There are 2 protein chains.
Amino acid sequence: MPTGPTRKTKQRDAVRAVLGAAERPLSIDELLKAASRRADGLGVATVYRAVALLLDEGWIEAVEIPGEPARYERSDKGHHHHFQCEKCDRAFDIAGCLDNLRKLAPPKFRVKEHSVTLYGLCAACAA
Amino acid sequence: MPTGPTRKTKQRDAVRAVLGAAERPLSIDELLKAASRRADGLGVATVYRAVALLLDEGWIEAVEIPGEPARYERSDKGHHHHFQCEKCDRAFDIAGCLDNLRKLAPPKFRVKEHSVTLYGLCAACAA
DNA sequence: TTGCTAATGATAAGCTAATATCATTTTACA
DNA sequence: TGTAAAATGATATTAGCTTATCATTAGCAA
């Protein structure tokens with residue numbers, strides 16, 4: 001698949017800017033809504049494409065939560081996990097990690113990664 | 001939704017038996033394959049229906065893993081988490097849990113549940 | 001500026017999982 | 001055993017998200 005040159009566009013800049021400023025993982029829809037303010041008329045397809053670029057550029061990573069569409073966040077945040085609010089449906093970062101987690105695996109199992117997700121109410125929704 | 005009486009059938013018994021004997025969470029497909037040996041000609045729709053019954057009967061629970069179809073396991077296993085093998089795509093139970101996990105949440109956040117999933121190679125695939 | 005072509009946006013198409021449909025088979029009670 | 005109705009199984013349909021299509025717009029190098 002010949003990738004060809006990549007052009008600088010208003011739309012891509014918008015998506016990158018939003019993700020750069022985001023303090024929590026954003027879904028495609030959230031990205032679309034936020035980036036639309038910087039690039040009027042922005043379409044979903046373009047957001048998907050921009051995200052795909054940033055993904056294999058390695059600048060962002062996908063955050064997968066069961067039953068939820070993927071969220072995306074900058075990959076320079078270091079190891080951390082996520083909190084999913086049951087009410088507003090937003091995902092949040094939570095700092096830190098208990099890294100003796102891998103110890104839980106049965107013997108002979110080779111643990112490569114792990115994911116921890118907390119569920120409940122975020123600060124705003126709990127108030 | 002009038003539920004009406006529930007009849008005892010070979011197919012439902014088969015699904016229940018398989019889940020009763022399972023040592024790890026099973027997907028619909030795995031259930032179909034396994035239960036088919038006890039109930040010949042078993043169809044997917046029937047497995048879905050049997051699982052739905054066992055779910056609201058409370059006898060089984062769903063195990064959700066991002067990007068994977070749901071797995072089901074008996075709900076009498078006590079609190080535990082799961083391991084997903086990247087090679088054979090099977091899910092396994094892992095005993096125990098670090099329950100200071102909820103401490104990781106930011107202040108003001110109300111944590112109700114959590115899920116931990118380890119990824120890697122199961123014993124069989126690591127060998 | 002011009003011209004080539006990547007990028008965009010609207011929308012159609014694809015994918016996977018799960019539910020609905022419906023003619024046929026089975027259960028279970030009278 | 002006869003029979004009403006639940007259950008089955010094959011398959012169509014839905015649902016949510018992602019990718020493909022394609023005519024149009026716009027980056028950018030000459």
Side-chain angles (χ1 to χ4, degrees), chain A residues 1-19 25-57 60-73 84 89-91, chain B residues 1-19 25-57 60-73 84 89-91:
Chain A
M1 58 274 287
T3 305
T6 283
R7 292 177 180 172
K8 177 176 167 61
T9 71
K10 181 167 35 114
Q11 292 86 341
R12 287 178 183 171
D13 286 349
V15 171
R16 187 186 289 263
V18 168
L19 281 167
L26 300 178
S27 67
I28 295 290
D29 282 341
E30 289 173 322
L31 270 172
L32 176 61
K33 215 164 295 172
S36 286
R37 274 185 264 111
R38 295 165 185 261
D40 197 43
L42 181 63
V44 216
T46 299
V47 176
Y48 273 104
R49 284 184 285 235
V51 163
L53 284 180
L54 296 174
L55 277 175
D56 47 55
E57 180 183 320
I60 62 174
E61 282 172 6
V63 176
E64 305 277 9
I65 296 174
E68 296 288 323
R71 318 287 160 98
Y72 304 90
E73 66 180 355
Q84 173 73 25
D89 209 54
R90 293 183 297 175
Chain B
M1 57 279 283
T3 306
T6 281
R7 292 176 180 173
K8 177 176 169 61
T9 71
K10 180 167 35 115
Q11 292 86 340
R12 286 179 184 171
D13 287 349
V15 171
R16 187 187 289 263
V18 168
L19 281 167
L26 300 178
S27 67
I28 295 291
D29 281 342
E30 289 173 322
L31 271 172
L32 176 61
K33 216 164 296 175
S36 286
R37 275 185 262 111
R38 295 166 185 260
D40 196 44
L42 181 63
V44 216
T46 300
V47 177
Y48 273 107
R49 285 182 286 234
V51 162
L53 285 180
L54 296 174
L55 277 175
D56 46 55
E57 179 184 321
I60 62 173
E61 283 173 4
V63 175
E64 306 277 9
I65 295 174
E68 295 289 323
R71 317 288 160 96
Y72 304 90
E73 65 180 356
Q84 173 74 25
D89 209 53
R90 292 182 298 175

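Below, read A as the first sequence line, B as the second, and so on, with proteins coming before strands; counting in each chain starts at 1. Predicted model only: the values in this text are computed from it and were never measured.
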Hey, are the side chains of [X] and [Y] touching, using non-hydrogen atoms and a 4.5 Å cut-off?
X       : Y       : result
A:Val63 : A:Glu73 : yes
B:Asp89 : B:Glu68 : yes
A:Glu57 : A:Leu54 : yes

Rounded interatomic separation in angstrom, taking [atom1] from [X] and [atom2] from [N]:
X       : N      : atom1 : atom2 : value
B:Arg12 : C:dA28 : CZ    : C1'   : 13 Å
B:Leu53 : D:dT8  : CG    : C1'   : 13 Å
A:Asp29 : D:dC17 : CG    : C1'   : 10 Å
B:Arg16 : D:dA7  : CZ    : P     : 13 Å
B:Ile28 : D:dG9  : CD1   : C1'   : 15 Å
B:Leu31 : C:dA17 : CG    : P     : 14 Å
B:Leu54 : D:dA7  : CG    : P     : 13 Å

Compute the angle between the rotation axes at the two ends of the helix from C:dT1-D:dA30 to C:dA30-D:dT1, each taken over five pairs, rounded to 10 degrees. 30°

Backbone N or O of A:Arg7 within a donor-acceptor pair of the A:Arg12 side chain at under 3.5 Å? yes

Any donor-acceptor pair under 3.5 Å from A:Arg71 side chain to A:Pro69 backbone: yes

Protein-nucleic acid N or O pairs under 3.5 Å, nucleotides 25-30 of chain D:
residue: D:dG27; atom: O3'; partner: A:Lys8; partner atom: O; Å: 3.4
residue: D:dG27; atom: N2; partner: A:Arg7; partner atom: NH2; Å: 2.9
residue: D:dG27; atom: N3; partner: A:Arg7; partner atom: NH1; Å: 3.3
residue: D:dC28; atom: OP1; partner: A:Lys8; partner atom: N; Å: 3.0

Is there a residue in residues 33-49 of chain A whose heavy atoms reach under 4.0 Å of DNA chain D, and which residues are they? A:Ala45, A:Tyr48, A:Arg49

Heavy-atom count check: over 12 atoms from other residues, nucleotides or ligands less than 6.0 Å from A:Asp56 CG? yes

Test side chain to side chain contact (heavy atoms under 4.5 Å, CB included) on B:Arg38 and B:Asp13 and set out the steps. CA-CA 9 Å; B:Arg38 295 166 185 260; B:Asp13 287 349; over 6 Å; no

